[in-house]
Colleague: 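Pasting a structure below so you can have a look.
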Amino acid sequence: RQGAETRLEYLADWGVGPCTDCGAACFADGVCVKSRRVTELTALVNASDGLILGAPVYVWQVNALTHGFMDRYRIPGRASLARRPNGRPALAIAVAGGTGTGISGAIRSLLDFLCLWGYRSLTPIGATRYNLEEAVEEARQSGAEMALAAREPHPFDDLADLLTYYAGLRFVCQDHVDEMIWLAGLASKLGYFESDKVRRLFDEATRLKATDPAAAAQSAVHAFELARGEL
């Protein structure tokens with residue numbers, strides 16, 4: 001709708017497996033000597049003005065296909081933590097089925113990848129059964145924002161600027177207790193089992209998180225299990 005040209009690729013179609021650390025010069029030239037397809041995928045991504053990377057959550061982390069891509073992707077040039085100028089917009093999306101847990105760890109992994117390569121990530125999106133409609137709408141809005149941002153990359157000033165920016169993004173500083181509180185809050189809004197009690201426990205966990213993490217964890221887990229009808 002913003003006039004951007006988009007291309008959707010499925011990693012399963014590219015046969016991207018794990019990096020074997022073969023010692024070739026891929027960081028310098030972007031060429032994977034083990035796989036022509038990996039080199040082509042890297043070139044395709046690098047020719048774009050922005051990147052949206054979506055992954056399912058498997059056992060509290062992104063799936064192996066996504067890990068394989070992140071292991072083997074390169075931006076050719078000088079290798080250092082203060083990466084060459086990039087600043088292209090990016091968006092990380094993690095989708096968790098089942099219990100909805102594991103979003104924060106998966107998002108952090110995606111953001112670490114984007115941070116390393118100097119992308120300027122938009123606010124990441126975590127989608128579960130408890131917030132699916134909201135997540136889809138947020139993704140639409142982020143897509144429009146990305147289309148506008150892609151017109152002019154915004155590189156970081158230096159490594160400190162890069163790290164500070166990423167430290168402020170959603171989910172980066174969220175531990176598993178924070179995630180449980182977040183999920184309980186989402187579930188209670190949908191009117192899942194005993195939503196009034198879930199809301200009270202959610203508020204209690206939120207209040208206790210900074211002063212009594214153990215008690216906060218108990219309240220958060222209790223709220224989450226009640227919301228899912230597990231108690």
Side-chain angles (χ1 to χ4, degrees), residues 10-12 18 52-71 90-115 121-143 165-231:
Y10 293 95
L11 291 175
I52 299 174
L53 187 56
V57 177
Y58 288 6
V59 291
W60 283 15
Q61 56 192 305
V62 296
N63 64 329
L65 274 172
T66 305
H67 269 297
F69 167 72
M70 295 191 298
D71 282 350
L91 176 63
I93 303 175
V95 183
T99 63
T101 56
I103 284 282
S104 6
I107 289 285
R108 282 195 300 271
S109 183
L110 296 173
L111 289 179
D112 281 347
F113 165 76
L114 295 174
C115 178
S121 176
L122 280 63
T123 301
I125 298 172
T128 72
R129 68 178 62 193
Y130 312 114
N131 70 330
L132 187 56
E133 291 184 6
E134 293 87 347
V136 169
E137 179 56 33
E138 186 177 357
R140 289 194 183 100
Q141 295 173 9
S142 296
Y165 179 84
Y166 272 85
L169 291 176
R170 179 197 296 169
F171 296 111
V172 168
C173 296
Q174 188 178 81
D175 60 25
H176 293 303
V177 176
D178 291 318
E179 179 176 84
M180 205 64 70
I181 295 172
W182 174 66
L183 288 170
L186 292 177
S188 68
K189 290 178 183 177
L190 291 180
Y192 276 59
F193 304 88
E194 299 192 55
S195 57
D196 289 341
K197 187 172 182 180
V198 169
R199 171 56 60 176
R200 288 196 299 272
L201 286 165
F202 165 79
D203 291 339
E204 183 177 271
T206 302
R207 176 174 53 82
L208 291 172
K209 182 61 171 61
T211 57
D212 192 343
Q218 289 289 341
S219 297
V221 169
H222 192 184
F224 179 70
E225 290 176 338
L226 273 177
R228 285 177 48 77
E230 295 176 351
L231 292 178

Colleague: Is the gap between the ring centers of Phe69 and Phe113 under 6.0 Å?
Modeller: yes
Colleague: With a 4.5 Å heavy-atom cut-off, do Phe202 and Leu183 have their side chains touching?
Modeller: no
Colleague: What's the verdict on side-chain contact (heavy atoms from CB on, under 4.5 Å) for Ile93 and Val95, showing C-alpha distance, side-chain angles and the deciding distance?
Modeller: CA-CA 7 Å; Ile93 303 175; Val95 183; 4.2 Å; yes
Colleague: Set out, in order, the CA-CA distance, both residues' side-chain angles and the distance that settles side-chain contact (heavy atoms from CB on, under 4.5 Å) for Leu226 and Leu201, then state yes or no.
Modeller: CA-CA 10 Å; Leu226 273 177; Leu201 286 165; 3.6 Å; yes
Colleague: In Å, rounded to the nearest 0.5 Å, how long is the span from NE2 of His222 to CE of Met180?
Modeller: 13.0 Å
Colleague: Mind checking side chain to side chain donor-acceptor pair (under 3.5 Å) for Ser219 and listing every partner two or more places apart, or none if nothing turns up?
Modeller: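 Counting only residues at least two positions away or on another chain, Ser219 forms a side chain to side chain donor-acceptor pair (under 3.5 Å) with Glu204.
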Colleague: Considering only heavy atoms from C-beta outward, does the side chain of Leu186 approach that of Thr128 to under 4.5 Å?
Modeller: yes
Colleague: With side-chain contact (heavy atoms from CB on, under 4.5 Å) as the criterion, how do Ile107 and Gln174 come out once you've worked through the C-alpha distance, each side chain's angles and the decisive distance to 0.1 Å?
Modeller: CA-CA 10 Å; Ile107 289 285; Gln174 188 178 81; over 6 Å; no
Colleague: Atom CH2 in Trp182, atom NE2 in His176: separation rounded to 0.5 Å?
Modeller: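 With rounding to 0.5 Å, CH2 (Trp182) is 13.5 Å from NE2 (His176).
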Colleague: Return yes when atom CD of Gln218 has more than 12 non-hydrogen atoms of other residues, nucleotides or ligands closer than 6.0 Å, and no otherwise.
Modeller: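 Atom CD in Gln218 is not packed in, count stays at 12 or less.
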Colleague: If I compare all heavy atoms of Ala184 with all of Ala220, which pair ends up nearest, and what's the gap?
Modeller: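 Answer, listing the atom of Ala184 first, then Ala220: CB-O, 4.4 Å.
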Colleague: Do the non-hydrogen side-chain atoms of Ser121 and Leu91 ever get within less than 4.5 Å of each other?
Modeller: no
Colleague: Run the numbers on Thr206 and Asp203 for side-chain hydrogen bond (donor to acceptor under 3.5 Å, both in side chains), then give the verdict.
Modeller: CA-CA 5 Å; Thr206 302; Asp203 291 339; 5.4 Å; no
Colleague: Tell me, do Asp112 and Tyr166 make a side-chain contact under 4.5 Å, heavy atoms counted?
Modeller: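 No, every pair of side-chain atoms sits at 4.5 Å or beyond.
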Colleague: Can you tell if the side chain of Leu111 reaches within under 4.5 Å of the side chain of Pro124, non-hydrogen atoms only?
Modeller: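 With C-beta onward as the side chain, the pair touches.
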Colleague: Could you tell me if the side chain of Ile125 sits less than 4.5 Å from the side chain of Ser142, heavy atoms only?
Modeller: yes
Colleague: Can a donor-acceptor pair be found, under 3.5 Å and without considering hydrogens, that links the side chain of Glu179 to the backbone of Ser104?
Modeller: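 Judged by distance alone, yes, a pair lies under 3.5 Å.
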Colleague: Taking only residues two or more places apart in sequence or in another chain, which ones pass ring pair (Phe, Tyr, Trp, His ring centres under 6.0 Å) with Tyr165?
Modeller: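 Phe156.
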Colleague: Nearest 0.5 Å, what's the CG-CD distance between Leu132 and Glu137?
Modeller: 12.0 Å
Colleague: I'd like to know if Glu133 pairs up with Arg140 as an ion pair, taking the criterion as any Lys NZ or Arg NE/NH1/NH2 lying under 4.0 Å from an Asp or Glu carboxylate oxygen.
Modeller: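 Not counted as a salt bridge, because no side-chain N and carboxylate O are separated by less than 4.0 Å.
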Colleague: Taking the side chain as C-beta and beyond, is there a heavy-atom pair between Leu11 and Asn63 under 4.5 Å?
Modeller: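 The answer is no, as the side chains (C-beta and beyond) never meet within the 4.5 Å cut-off.
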Colleague: Rounded to the nearest 0.5 Å, what separates atom CE in Met70 from atom CG in Leu114?
Modeller: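 The CG atom of Leu114 is 8.5 Å from CE of Met70, to the nearest 0.5 Å.
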Colleague: Testing the basics here: between Ala223 and Val198, what is the closest heavy-atom pair and its distance to 0.1 Å?
Modeller: O-CG2, 3.6 Å
Colleague: Could you check whether any side-chain N or O of Arg129 sits under 3.5 Å from a backbone N or O of Thr99, counting only pairs where one atom can act as donor and the other as acceptor?
Modeller: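 No, the answer is negative, given that no donor and acceptor are paired below the 3.5 Å cut-off.
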Colleague: Looking at Val57 and Ala106, what are the two nearest heavy atoms and their distance?
Modeller: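 Here Val57 and Ala106 meet closest at CG2-CB, 3.8 Å.
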Colleague: Taking all heavy atoms of Ser109 and all of Val62, pick out the closest pair and write down the distance.
Modeller: OG-CG2, 4.0 Å
Colleague: Do the non-hydrogen side-chain atoms of Trp60 and Ile103 ever get within less than 4.5 Å of each other?
Modeller: no
Colleague: For Asn131 versus Gly126, what's the shortest heavy-atom pair and its separation?
Modeller: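 Taking Asn131 first and Gly126 second, the nearest heavy atoms are ND2-O, 2.9 Å.
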Colleague: Rounded to the nearest 0.5 Å, how far apart are CZ of Arg108 and CZ of Phe171?
Modeller: 10.0 Å
